[in-house]
Number of protein chains: 2
Amino acid sequence: MNDTDPKPARGRPKTMDADKVLDIAVAAYWRDDPADVSVNAICQLAGVSKPSLYREFGSEDGLMRAALDSYAERVLSDVFAILHGGRGLKDTLEALIDFASADPRMETGCLFYKMRAGKHRLGPETRARVEELDRAAHAAYESFLESCREAGELPVGLSLGPGAKYLGEQVALAITQRASGEDPASIREMLTLALSVFARP
Amino acid sequence: MNDTDPKPARGRPKTMDADKVLDIAVAAYWRDDPADVSVNAICQLAGVSKPSLYREFGSEDGLMRAALDSYAERVLSDVFAILHGGRGLKDTLEALIDFASADPRMETGCLFYKMRAGKHRLGPETRARVEELDRAAHAAYESFLESCREAGELPVGLSLGPGAKYLGEQVALAITQRASGEDPASIREMLTLALSVFARP
DNA sequence: TATTATTCGTACCAGTCGGTAACAAAGAGC
DNA sequence: GCTCTTTGTTACCGACTGGTACGAATAATA
């Protein structure tokens, strides 16, 4: 499915690079909170007129949704890859801790978590996608814990569903703290402490 | 210091009840996010004209700061009371867990945490007060842990500063989750799990 | 009664928001 | 040439924001 000019085009050739605009939107939404970035600002940053942007993305909601999709494809996929890596409990948790507290991409936080935190401010499309990604993330955390249980690496008293939620929220907390300029070493220490409950006998 | 009409008053008698307006503002900021409540909305809720409100509170920032002060006095004080209660580690943690996951006042979250989460959107007065309260809360958590250490109730490997931060953030996380409609029982379970790191030998 | 002081609310300000109508520009097909 | 289609931009819309100028209202004081 190559969607780069499948049509020979009939009318005036377009000069707007939609991918570039989307990249700029992702960067802006990601650095600042999505609620603090206006369509006007993105147009100015991208050097594109507002009607052009609206012709491409339909609405602010459409643009945010596209930005979230792009972000999920390029960044969140790494988290899913860590969880499905098939490594053991200890290694996977360490990889998660590294990602949350040391990955330079998380220096200004996570776009997904920023959107989730301000869910009520989102349009219907973007909100639905956020909830979908949230469910997918929970499922990934849970299946990871399930494989650990089968390997006998998990404390017996810990149930999978709540454990997955706990794990996900601790990672989210750590990344959110990075967005607010917290010291990475301190974040790592706290996240390590939080996840130590999984490594107990 | 009774500041209810210390002056016999000279001009037109005031009909506006500033305390009532403040209560309404606190309730509105508390239920919804402060960033989502406009001065206009508060005026409408309180049945007060905008200039009246501005004469009393100076600016939106002043109103928010007054609302936060009122909230701290009426609600946050309870948390400080729990921490300074002089009870042991286990009882105090249980009280914190009860407060965060079961107190009906926290059903729509905590105004202080909502403001802290959107700190960059606040005016200078309110932001300064948020940071001040944050420092005070951290100090309270730390002095609580210190007293537990002196009683030998704390794991030896746990340092006080990071431990206090961890404790505070876990409570904040739990209350924030309540604001987003999470199941209280699930929140209690997760917070209990998170705080179990303090009860280990 | 006239003055002065204080509070009241209407009606406005400039700015920003998301979104669009309307027209100009530029190519392809006839 | 002309038309048709698509993209581009300017300039606007109504709604809302925080904030205020200003005159009417209401009291104590002179």
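Because only heavy atoms are used, hydrogens play no part in the values below, and waters and symmetry mates are left out as well, while side chains stay in. Keep in mind that this is a model prediction, so the values were computed, not measured. Letters A, B, ... mirror the listed sequences (proteins, then strands); counts begin at 1.
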Salt-bridge criterion met for [X] and [Y] (N-O under 4.0 Å):
X	Y	value
B:R116	B:E169	yes
A:E182	B:K165	yes
A:D23	A:R74	yes
A:D61	A:R65	no
B:R129	B:E132	yes

Looking across every strand, which nucleic acid part, if any, lies under 4.0 Å from A:P51 by heavy atom: base, sugar-phosphate, or nothing? base
If you look at every strand shown and take non-hydrogen atoms under 4.0 Å, does A:S38 touch a base, only sugar-phosphate, or nothing?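 If one applies the 4.0 Å heavy-atom cut-off, A:S38 turns out to touch the sugar-phosphate alone, with no base involved.
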Rounded to the Å, how far apart are [X] [atom1] and [N] [atom2]?
X	N	atom1	atom2	answer
A:R65	C:dG18	CZ	C1'	20 Å
B:L53	D:dT17	CG	P	14 Å
B:Q44	C:dG9	CD	P	14 Å
B:K14	C:dT6	NZ	C1'	10 Å
A:R10	D:dT5	CZ	P	6 Å
B:L63	D:dG19	CG	C1'	13 Å
A:E60	C:dT20	CD	P	12 Å

Report yes if a side-chain nitrogen or oxygen of [X] is closer than 4.0 Å to either non-bridging phosphate oxygen (OP1 or OP2) of [N]; otherwise report no.
X	N	value
A:N40	C:dG18	yes
B:S52	C:dT7	no
B:T15	C:dC8	yes

side-chain contact (heavy atoms from CB on, under 4.5 Å) between A:I175 and A:V171: does it pass, once the steps are laid out? CA-CA 6 Å; A:I175 296 180; A:V171 170; 4.0 Å; yes
Taking only the side-chain heavy atoms of [X] (C-beta and beyond), determine which of [options] contains the nearest atom.
X	options	answer
A:M16	D:dG19, C:dG18, D:dG8	D:dG8
B:K50	C:dA5, C:dG9, D:dG19	D:dG19
B:R12	D:dG19, D:dT29, D:dA25	D:dA25
A:Y54	C:dC8, D:dT29, C:dG18	C:dG18
B:S59	D:dA25, C:dG19, D:dG19	D:dG19

Residue mapping more 5' on DNA chain C - nearest nucleotide basis, B:G47 or A:G58: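 Result of the comparison: B:G47.
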By nearest nucleotide on DNA chain C, pick out whichever of A:V39 and B:E56 is the more 5' one. B:E56
Answer with yes or no whether A:R55 presents, from its side chain, a donor or acceptor under 3.5 Å of a partner atom in the base of D:dG8. yes
B:G11 or B:D61, whichever maps to the more 5' nucleotide of DNA chain D: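 Per heavy-atom nearest nucleotide, the more 5' residue is B:D61.
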